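Everything numeric here is computed off the predicted structure, so don't read it as measured data. Residue numbers begin at 1 in each chain, while the letters A, B, ... track the order of the sequences. Keep in mind that the numbers below use all heavy atoms, side chains included, and drop hydrogens, waters and symmetry copies.
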Amino acid sequence: MVAEYSWLIPVFPLASFVLILLFGGRLREGGGHLAVAAVGASMLLSLAVISHVVRFGSYESRGISWFGSEAFRFGVLVDPLSAVMLFVVSFVGFLIVVYSLGYMHGDPGVQRYYAEISLFIASMLSLVIANNLVFMFISWELVGLCSYLLIGYWYRKPSAASAAKKAFLVTRVGDILFLAGILVVYREFGTLNLSEVFELAPGVATATLTLASLLLFGGAVGKSAQFPLHVWLPDAMEGPTTVSALIHAATMVKAGVYLVARMYPLFTPESLHVVAWIGGITAFIAASMAVVMTDLKRVIAYSTVSHLGFMTLALGVGGYAAGIFHLLNHSFFKALLFLSAGAVLHAVHSQDIRDMSGLWRRMPVTGTAFFIGAWSLSGLPPWSGFWSKDEIMAAVHSYSTPLFWLTAVTALLSAVYIWRLFFIVFTGRESEQAKHAHEAPLVMRIPLIILSLGALFSGFVVFAGFGEFVQGALEHAPEAAEHASGSVMLLSILLAATGTGLAALTYYRPVISAARVRRALAPVHTLLVNRYYLDHLYYFFATRVVADSARALRGVDEFIVDGTVNGTGRAAVCSGRKLRLLQSGVVQDYASWVLAGAFLLLVIAGLIGGGV
Amino acid sequence: MLAELLPEILLIGAALLLVLLQGFCGRDACAKLSGYISLAACGGALLLVSLHSGAGVERVLIPEIIKLDAFSLFFKLLFLTLSFLVILGSLDAVKRYRMGGEYYTMLLFTTFGMLIASMAVDLAVLYIAVELATISTFALAAFRKDRQGAEAGVKYFVIGALSSALVLFGISLLYGIAGSTSLTAIAEALGSSSGPVASLAVVFLIAGFGYKIAAVPFHMWAPDTYQGAPSTVTAFLAGATKKMAFLALMRIFIVALPGLVESWAMLFAVLAVLTMTVGNLVALVQSNIKRMLAYSSVAQAGYVLVAFAVLSSKADLTLAAGAALLHMFVHAIMKGGAFLAVAAAGSAIAGRDISDFAGLGRRMPVTAFTLSIFLLSLAGIPFFAGFVSKFLILMASVSAGGAYIALGVLLVINSVISLYYYAKVIRVMYFEGGEVHRAEEPVMLVAALVVSAIIVLYVGIFPESAIQLAKSSAASLFTP
């Protein structure tokens, strides 16, 4: 039975991590081929396991216990939800690693790159198949560590180093909430095994469940860059583009959404309400910011935040299958967009879209790939983004009217920003930089083509019973949201078309002047360009409030804490030196010490025994 | 009875065979052949013992004198595992030091003595067995025929003789009270009375064995000897012979002197505090890696003593004793492994200063990597065996409550301090320059290193069975 070997899935890339770390320096491309082979093996095994799950249903192993404690019994759980995630992580991850062979070629640190990316994929895969919250948390933290290392891959670049730090610190806030959630679960349920927790969940007080689920959601907010912790993701563009693609499409940010989906049985209507609104707000503000950004990767980054908002929103309003469905589709079109953006950056050596124009002629394959990605993302029929967005909107429609209109506006903005990007970069007169652009090498183009196919057709799995399959992950599935009613679907198409039209009229055939719109809406534009001043607020908080109180505390710290710490260290080394002097090397002295020690013991024994 | 003693018979037979062999072949060929014979004997004995250890049945072989129980099987496993690893590693080292076949003879005699000691339930037999093992190690410690080697041997011998006298004095006092050297008879005779003579005996026994476990202030010989002896021998001394003294202490104090537990546990507590703290502090400033490891050994013995001190509490005694046993076993492997790694590095590096190890990560990747595993385990990092056993000791001291918690806290503080000097070596090996060309790694030593590293990792990641084994072995001490 192939599912019994599913524990091997993360082992391949983990082994590749160790091997590359040890011997990568002696392999060609820093061990890149080894990483490709390992992730490829994981992908093949994942596909086998997925087909098992499709045919025979979920599989759970008893696992092995660590420290003889049942709380630390680590095993494997593969159900429809993990199956979808396995597919996304291993398949998209594989394509990205292949693409890296071309993209990272000649970089002096490739060994480190491939080692870290193997570990990244390994930890994400183990997060997906873990059947225990502690196991999940360990993988979760490893994912965070790897993202930190990879975002700061070019660590000599100060912006990369600080972006890595920002990502680490901000997601850390979520991690702490996650850990607190695990503690609450353990206290309440007495177990951390997922199936056992789900079984016990109906019998636990609603207030406790709400608390636990909100804390767990806090972890997701950090990892999946939800409002108000979304600020790290756009900065996380400082790493290699492949890393951005991996973070955005396959691994890191999907972990949060996965966590919510995984722990779904713990979510009460109250906490789902919070989830839905956070998702809706995130989707909207990120989309609005994406409209005004001028950095190619940043626009896509804000679009990721926005679409993660969609997924969270879908889960919040009870559209479980819709959320997972969107996660699947998003992985394809977002990986596609990022990798084609990477090819563009590779060619133009700039990230500012104002430097790019009319790239279509020089880069037709990349342009087509981007076009497909944009089409799918904008939600125009008939490609994948349309189907999942449609399901989400239907689910939101039956949940809350204000939230529905917020979603509708966001859907419109989605179409606007992505087509704006496409028109500016690929159409129009050829810019100076574009003249020297050239198509990416073959090893980079093939993943683009495969991802294009995915972005085009992954939406059609919905007709193959995807929804029912994913609902199977839940014991007590919520009412599957009714399929899109005609009017919602019509509205959704209309919105996407309007957005596309607006973008085309502004940037393709400039009927509307972007500059004049900007002037007319100056305050809004300023607000958006400054990212709602949220980053400023955090910066202010970090530098002023935290740093000032830190400075105030420093006095105390220097005297008392440092004094103690340094004192301990100094005293330790110092007394070490002193004690060493006792070691004279003369054997007579040693003998005297033995006798002195015996005498000392005698005195102590006398004190205890009361008479010698 | 012969069946149970088969491992011992195998060892002594092999040792005698080696003595005979000396007359029949040339020195180098003889050394080589002796190596393989003793490796086979040791491996066979190990196999026999591990087959036994599953049974868990207690067998009195000679009433009141020799008894085979889970406790002795645990130590046999420890001794034979380490002897096996050391002999395996020595196959390379013997060539380098131009040592003859007598080296292996000594190792086998020592191991034989230790195996007998593990079964002895009579003070006189125990003493003789311990001496048999110790005397051979005097010769082993002085195997390097230079000034340092001689110094190592002489210091070890002089202090050893003094300590043997102390032990013998303690034994004679107990005999004077009980009129017997049998441990159970002594326990009956003493009851719970704690007269001054008994206290005196306790003090002499602790002082005498304190030398062998290198507890502060009886530890002074250890750094000199560990530094001066060949590294393979040091691995054996630190890994195995030291544990024999722990074994003797546990057997004597738990079986024969349970009535005096208040006083001896207090003495162990004092020694534990001194040993941990002094060992770690002095280790901080060492520049020679063997001396550093020697002081770390001292500190680690202090951790075991913490578990001994906890034996006077009302808490779960098998937990405390089991924790002590597990830490001994784990320490034997990781410290033995560390010294073997030093021996392996010696094939390419002349000096033994920590700074000489710069760039070893690239010169000898397997040696450096396994050494890092041992050092991390010694520091008590999770997922390494050292973490598991130290954690058990901590658990035992915390569950005992009261002042015992203070011992636990001190143990944690000491662990934190120790991380500094362990990590320093790793940093030097991987992050500091030095020559970059590869050096050949001695095959047999590397094999021994890899086996040890696997044990360390296995116990660290899947500790249940090891914990279970240690606990059940400890339990057999408390059932008369």
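- Heavy-atom minimum distance, A/Ala598 versus B/Ala207: CB-CB, 3.8 Å.
- At most 12 non-hydrogen atoms from other residues, nucleotides or ligands lie less than 6.0 angstrom from CZ of B/Phe157.
- In this structure, A/Leu600 and B/Leu274 have side chains that are in contact, with non-hydrogen atoms separated by less than 4.5 Å.
- In this structure, the side chains of A/Leu601 and B/Phe218 come closer than 4.5 Å at one or more pairs of heavy atoms.
- With a 4.5 Å cut-off on non-hydrogen atoms, B/Phe369 touches chain A through its side chain but not through its backbone.
- In this structure, B/Ser199 OG and A/Leu602 CG are separated by 9.0 Å, a value rounded to the nearest 0.5 Å.
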